[in-house]
Amino acid sequence: MSVRIIAIINQKGGVGKTTTTANLTYALAKVGKKVTVIDFDPQGHLAISLGLFSKQHVGIDAVMLGEASLEEVIIPVRENLQLVPAGTKLQDIELLNDGGVQRGDLLRKALSNSLQDQDFVFIDCPPSSGLLVANVLFATEEILIPMASDFMALQGLSHLMETIRKFEKVLKKTYKTQLVISRYTASRRLSKEVVAKLQHYFPKQILATVIRETALLAECPSFGKTILEYRPSSPSARDFHDLASDFLIGKVM
Amino acid sequence: MAKKNESSLIEYDPLAWMNTEEKPTDVVAILPKQAPDLESLASDALSAKVILQATQSIQNVMQLHEQLVDILRNTSDTIEVDASAITACDTATMQLFVVLKQEMLQLERNLVFDFPSDKFVEAADLLGVSSMLGVDKSAAGFF
Ligand SMILES: Nc1ncnc2c1ncn2[C@@H]1O[C@H](COP(=O)(O)OP(=O)(O)OP(=O)(O)O)[C@@H](O)[C@H]1O
Ligand SMILES: [Mg+2]
């Protein structure tokens with residue numbers, strides 16, 4: 001069984017990519033899965049969410065540029081959970097200009113034949129659709145899209161699906177694509193309609209548990225803790241616990 | 001799922017294209033090409049430029065329409081229209097810009113007019129769309 005690489009992707013900002021990555025991967029690690037997370041956003045929010053408050057200077061950037069090996073930059077952050085930080089040069093890679101198609105293939109090469117002892121590698125993508133995200137789409141077969149439950153999220157998703165289809169065509173592959181409702185405001189009727197719309201276009205592709213919008217979830221990154229550590233008995237901790245189980249058994253809407 | 005006649009809170013459906021025919025995708029290089037493009041990609045805003053001929057009328061509006069639709073499809077987030085050369089612009093062309101501007105805003109994209117000539121601003125004013133198109137007099141004064 002080879003390692004599954006999953007991109008947490010959505011070019012729209014603030015939809016819950018990092019929150020989903022941190023909490024879902026921790027929940028998976030907690031049930032014994034071996035998980036590596038890659039902070040692929042130059043902002044470095046994932047590292048912070050997991051408690052690494054000081055800037056990590058070397059990370060996946062150096063591996064992609066051939067300046068370090070993956071093993072050298074991996075940081076164990078919890079039991080069964082290890083982090084590859086972004087590194088300061090990641091934002092330069094976004095702007096790389098020469099190197100032809102190679103420019104898109106740096107991440108895939110950096111990961112190839114590595115992490116074979118892991119069950120999952122999750123990549124927390126930046127909110128853009130430039131070269132970094134292109135690298136992710138070269139490197140993965142599997143995509144998890146966090147979605148907020150508002151109208152503009154649908155618009156953003158349309159844009160994302162266009163990009164994904166384009167890559168599928170050119171790279172001649174079909175991504176296993178799943179969605180997670182990562183910021184669900186139950187009190188709004190629009191939320192239900194948005195989810196219904198998504199079910200229509202993505203039948204059996206939306207993970208069954210929705211992550212509700214809660215104050216606690218917004219609080220925990222500043223403590224460098226996942227919700228399962230910060231408030232283990234909160235509804236949000238349960239949401240992520242359930243989401244992890246949905247993810248493992250493929251329970252969808 | 002919401003029934004048709006129930007008042008829906010979602011009027012425009014951005015995903016509608018997914019179940020119909022696929023949006024045309026050129027097998028163009030899927031990687032961004034030049035540095036300026038890359039930089040704008042990083043901030044998620046590709047832009048493309050259109051330069052208008054001196055006279056815009058019903059005779060060439062179809063051609064312009066096709067050109068704009070083509071650009072719209074090819075992933076540009078912002079379309080910049082250079083309107084500096086305009087000496088005459090008819091209603092049909094203005095209407096096209098109004099529809100395009102509305103549509104692009106809905107798609108979270110934008111249509112901007114660079115260096116609008118006096119005649120262009122005048123035509124927009126006449127139809128009461130100059131502020132909607134973002135071509136007010138103050139901007140035009142520079143050129
Ligand atoms: N379900 C939720 N309930 C409450 N707050 C949330 C929830 N999901 C995310 N947030 C908060 O919203 C903000 C944006 O979330 P997050 O950073 O996970 O999004 P992102 O998609 O990774 O953003 P970016 O595009 O900037 O990388 C954060 O402050 C986060 O704490
Ligand atoms: Mg993030």
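We name chains A, B, ... by the order of the sequence lines, and we start the count at 1 in each one. Only this structure's heavy atoms are used, side chains among them; waters, hydrogens and symmetry mates stay out.
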Between [X] and [Y], what is the shortest heavy-atom contact and its length?
X	Y	answer
A:S158	B:P14	OG-O, 3.0 Å
B:I10	A:E193	N-OE1, 3.5 Å
B:Y12	A:F151	O-CE1, 3.2 Å
B:R109	A:E162	NH2-OE2, 4.4 Å
A:Y201	B:A16	OH-CA, 3.2 Å

Looking at [X], I want to see if its [atom1] is surrounded by more than 12 non-hydrogen atoms of other residues, nucleotides or ligands under 6.0 Å.
X	atom1	result
A:K251	NZ	no
B:K119	NZ	no
A:K192	NZ	yes

Given a strict heavy-atom distance threshold of 4.5 Å, which part of A:L137 is in contact with chain B: side chain, backbone, both, or neither?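 Contact with chain B involves no heavy atom of A:L137 at all.
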
Is chain B contacted by the side chain of A:V195, its backbone, both, or neither, given a heavy-atom distance below 4.5 Å? neither

Working note: B:S7 + A:R189, criterion side chain to side chain contact (heavy atoms under 4.5 Å, CB included); need CA distance, chi angles, decisive distance, verdict. CA-CA 11 Å; B:S7 80; A:R189 180 154 73 91; 3.8 Å; yes

Quick one: are A:L198 and B:L15 in side-chain contact, heavy atoms under 4.5 Å?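 Answer yes - side chains close enough.
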
